[in-house]
Amino acid sequence: MTDNKKAFSLKLNSRVPAGGLKDKWIKYKNKINLVSPANKRKLDVIVVGTGLAGGSASATLAELGYNVKTFCFQDSPRRAHSIAAQGGINAAKNYQGDGDSTYRLFYDTIKGGDYRSREANVYRLAEVSGNIIDQCVAQGVPFAREYGGLLDNRSFGGVLVSRTFYAKGQTGQQLLLGAYSAMNRQIARGKIKDYSRHEMLDVVIVDGKARGIISRNLVTGEIERHSAHAVVLATGGYGNVFYLSTNAMGSNVTAAWKAHKKGAFFANPCFTQIHPTCIPVSGDHQSKLTLMSESLRNDGRIWVPKNIEDVKKIRDNKLKPTEIKQDDRDYFLERRYPAFGNLVPRDVASRAAKERCDAGFGVNKTGEAVFLDFESAIERYGKEQAIIKSLDANNEKLVRSLGVEVVSKKYGNLFQMYEKIVDQNPYETPMMIYPAVHYTMGGTWVDYNLMTTVPGLYAIGEANFSDHGANRLGASALMQGLADGYFILPYTIGDYLSNDISTGPIPNDTDEFLKSEKEVKEKIDFFINNNGKHPVDYFHKKLGKIMWEKCGMARNKKELNEAIQEISKLRKLFWKEIKVPGSNNEFNEELAKAGRVADFLELGELFAKDSLEREESCGGHFREEHQTQEGEAMRKNEFQYVSAWEYVGEPKDAILHREELIFDDIDVKERSYK
Ligand SMILES: Cc1cc2nc3c(=O)[nH]c(=O)nc-3n(C[C@H](O)[C@H](O)[C@H](O)COP(=O)(O)OP(=O)(O)OC[C@H]3O[C@@H](n4cnc5c(N)ncnc54)[C@H](O)[C@@H]3O)c2cc1C
């Protein structure tokens, strides 16, 4: 552990109920305070964010009778980043009869997160997972079905069962349409007021409780004060601190960061997921990276050539990958992890790809790509179809066309997307992939009720830290967002609001609101009037480069210290030289971006500090100093805690609080996927 003099242990109260793991949630729900229907009508809740977490929470809270205001920066709630989710959503339904259970989903999630998540929350997540599927089916979400009409499943990384429900490669979109239609019913009833194209720029605390927000109308520039009895942040992750990521361009940390500055502790900021199957970076011009869904690893096999000479020829276009014989290919995941093969968790797959590329076996011009190949799957499916249809299973051409048909039914839209971006046909030649920033396990610290360290301020979905530890398993983000929004927050928030039934409406013209509003206006005026030398992206790109090179897939003490210095310097330059064109009373995307990047510049430094402090490797957090001889992450018992940072001014002065993680029902073992 580093000698961080400011760091001290303070028992964060996670409010995990007593009792056996399996009974906690049921017993807890039976005991917490309820609010009567007549009183719910007197209570206002602000939900910032309309992705799967915020959309499902808003719809459910309004259905229960609360008055809800929802905020999102997009032009419609249904354009939240959740819409991009491709591969699927997990649930322990055991439809395949392959040995799945609530316990197994719980176990896989804890192990997947390298024993760095809170046991009670994860068990509850697994417990409600089945309800999510029922709820979404009832809404009409068109999950893929098998021939007989039952819901179909596929596998994702880190598990040995098939428990992922999906809607082709558009699962997030379909789920979000379900949540959005549930929201719309409440918008029509007047129970939800929808504030699209509104950005939350501060949270207002009155007498120690979250009582509202300050938002900016992104179209007119107007600054507004909104009050409520409780505020819920469902504002997504902060992967864009890296500039290049698979996240939507607008995804940002501003809401969570403003809450942090007002007292909400920020947990495990350095836990970032680097997804192994993304389209490689092609040059400096890029502002976005594209994910190829993990579902592709069900059928795609990952490899590089065994011989360095073949690698060179491929890079020089003198040899096609399809011309390399099977024996000359290194299916490195299958070789290193025979039990899980291509479906090892993301952190393991990403590091293995990096290891091969660092050793010189990368197959594109920059040496940062490996192959994802569907030839075996096409042949396997083709032969199966030929047998089913009583056709000639030895006819190679026929088998191939039948196989292509099956693969296209499963992943057609993903293949089409790849071809459009790379201009290569992935049915004919293997895809090229490389790891990229994708998801953030860290986020706002919450207790068992999903409440932050600020009373009345909640965080749900990707915005909180709670369920995925140091590495999230594929298809578990959608599960968590919807579990939080449909099935957990609606209970726990009632317990808190039951104390407010006689409070009456919260005024929005008190000193606290006016002060907050003034500060927001001053910052906007500063951006507009500064007239510096460089646009926002200049700083964002520089920050992203530092983050990727020094706080990315592999980190070490020396470079993390450098990153802290460099980010701090860059932040000072930003405040001196930022240039924002246009005015503050019009739609001004540069102005919105300036505020977001200002917050990323602070978060980035805390991120590096958190990474430096955690002197172990676990999941997506890989410290080069702490690895086994085989290059696997080396976890350390003394770091079995959640780091929760308290804001006290500059990120360098942030105070570390530790929530010790206690595992009663799971043996903390070596995390092996062999
Ligand atoms: C390409 C891609 C594919 C993925 N595929 C899968 C998958 O197959 N399965 C899976 O489980 N997970 C997947 N994920 C992860 C998953 O999509 C996300 O973790 C999840 O959708 C996050 O949902 P959310 O509701 O927490 O936040 P988001 O969907 O990010 O929504 C955030 C909301 O907050 C609003 N907001 C943010 N800041 C502010 C502010 N300051 N003021 C007002 N509003 C604000 C936004 O407008 C938006 O409405 C994928 C991620 C990516 C990038």
Side-chain angles (χ1 to χ4, degrees), residues 46-58 70-91 132 154 156 164-176 179-180 194-203 213-216 218 232-240 245-259 273 275 277-279 288-295 346 414 417 436-441 443 459-464 468 472-485 592 595-596 599:
I46 284 174
V47 180
V48 188
T50 59
L52 284 174
S56 57
S58 312
T70 59
F71 292 78
C72 69
F73 59 74
Q74 289 91 351
D75 59 351
S76 155
R78 72 165 186 278
R79 288 199 209 284
H81 160 63
S82 289
I83 205 163
Q86 302 170 345
I89 174 166
N90 289 330
I132 299 170
R154 53 191 178 197
F156 266 56
T164 304
F165 294 78
Y166 64 100
K168 217 170 186 181
Q170 302 165 347
T171 315
Q173 180 178 6
Q174 298 307 325
L175 292 171
L176 192 57
Y180 177 63
D194 163 34
Y195 293 84
S196 293
R197 283 266 187 248
H198 276 67
E199 181 151 58
M200 170 195 147
L201 293 178
D202 206 3
V203 56
I213 64 167
I214 306 296
S215 70
R216 177 166 179 268
L218 292 170
V232 180
L233 300 183
T235 45
Y238 52 86
N240 279 347
S245 89
T246 64
N247 288 9
M249 292 289 290
S251 296
N252 68 88
V253 78
T254 287
W257 197 252
K258 300 301 187 204
Q273 177 156 90
H275 197 300
T277 55
C278 303
I279 298 182
K288 171 93 184 71
L289 294 176
T290 306
L291 172 79
M292 299 313 297
S293 166
E294 179 160 313
S295 60
R346 293 173 180 175
L414 301 173
M417 192 167 80
V437 172
H438 176 64
Y439 180 89
T440 42
M441 283 75 69
I460 60 175
E462 191 174 340
N464 75 26
H468 308 293
R472 172 176 70 81
L473 290 184
S476 286
L478 303 187
M479 171 175 69
Q480 185 222 326
L482 291 180
D484 288 357
R596 294 170 194 170
D599 294 330

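Start at 1 with the first residue, then count along the sequence. Please read all numbers here as calculations on a predicted model, not as lab measurements. In each ligand, atom 1 is the first atom listed, and ligand 1 is the first ligand listed.
- Residue Tyr195 holds its OH atom at 8.5 Å from CD1 of Ile46, rounded to the nearest 0.5 Å.
- In this structure, Ile89 has no heavy atom closer than 4.0 Å to ligand 1.
- In terms of N/O distances under 3.5 Å, ligand 1 is not approached by Ala80.
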Practice item. Decide yes or no on side-chain hydrogen bond (donor to acceptor under 3.5 Å, both in side chains) for Ser251 and Asn240, but give the supporting numbers first. Key: CA-CA 7 Å; Ser251 296; Asn240 279 347; 4.6 Å; no
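- Within the structure, ligand 1 has Gly88 among the residues with a heavy atom less than 4.0 angstrom away.
- Between atom 38 (N) of ligand 1 and the options Val253, Thr440, Thr235, the minimum heavy-atom separation is to Thr235.
- Within the 4.0 Å heavy-atom criterion, the part of His198 lying near ligand 1 is the backbone and not the side chain.
- The shortest heavy-atom distance from Gly172 to ligand 1 is not under 4.0 Å.
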Practice item. Check step by step if side chain to side chain contact (heavy atoms under 4.5 Å, CB included) holds for Ile132 and Phe165. Key: CA-CA 11 Å; Ile132 299 170; Phe165 294 78; over 6 Å; no
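- Look at Ala475 and you'll find a heavy atom under 4.0 Å from some atom of ligand 1.
- Rounding to the nearest 0.5 Å gives a distance of 11.0 Å between CG of Leu52 and CD of Gln480.
- In this structure, Ser476 OG and Ile89 CD1 are separated by 9.0 Å, a value rounded to the nearest 0.5 Å.
- Residues Asn247 and His438 share a closest heavy-atom pair of OD1-O, 2.9 Å.
- With atom 25 (O) of ligand 1 as the reference point, the heavy atom nearest to it among Ala53, Ala259, Ala84, Ala85 is part of Ala53.
- When heavy-atom distances to ligand 1 are checked against a 4.0 Å cut-off, Arg78 has no atom that comes that close, whether in backbone or side chain.
- Heavy-atom distances between Glu294 and ligand 1 stay at or above 4.0 Å for every pair.
- Using a 4.0 Å cut-off between heavy atoms, Ala234 contacts ligand 1 through its backbone alone, with no side-chain atom that close.
- Proximity annotation for atom 11 (O) of ligand 1: of Leu482, Ile460, Thr171, Leu478, Leu478 comes nearest, heavy atoms only.
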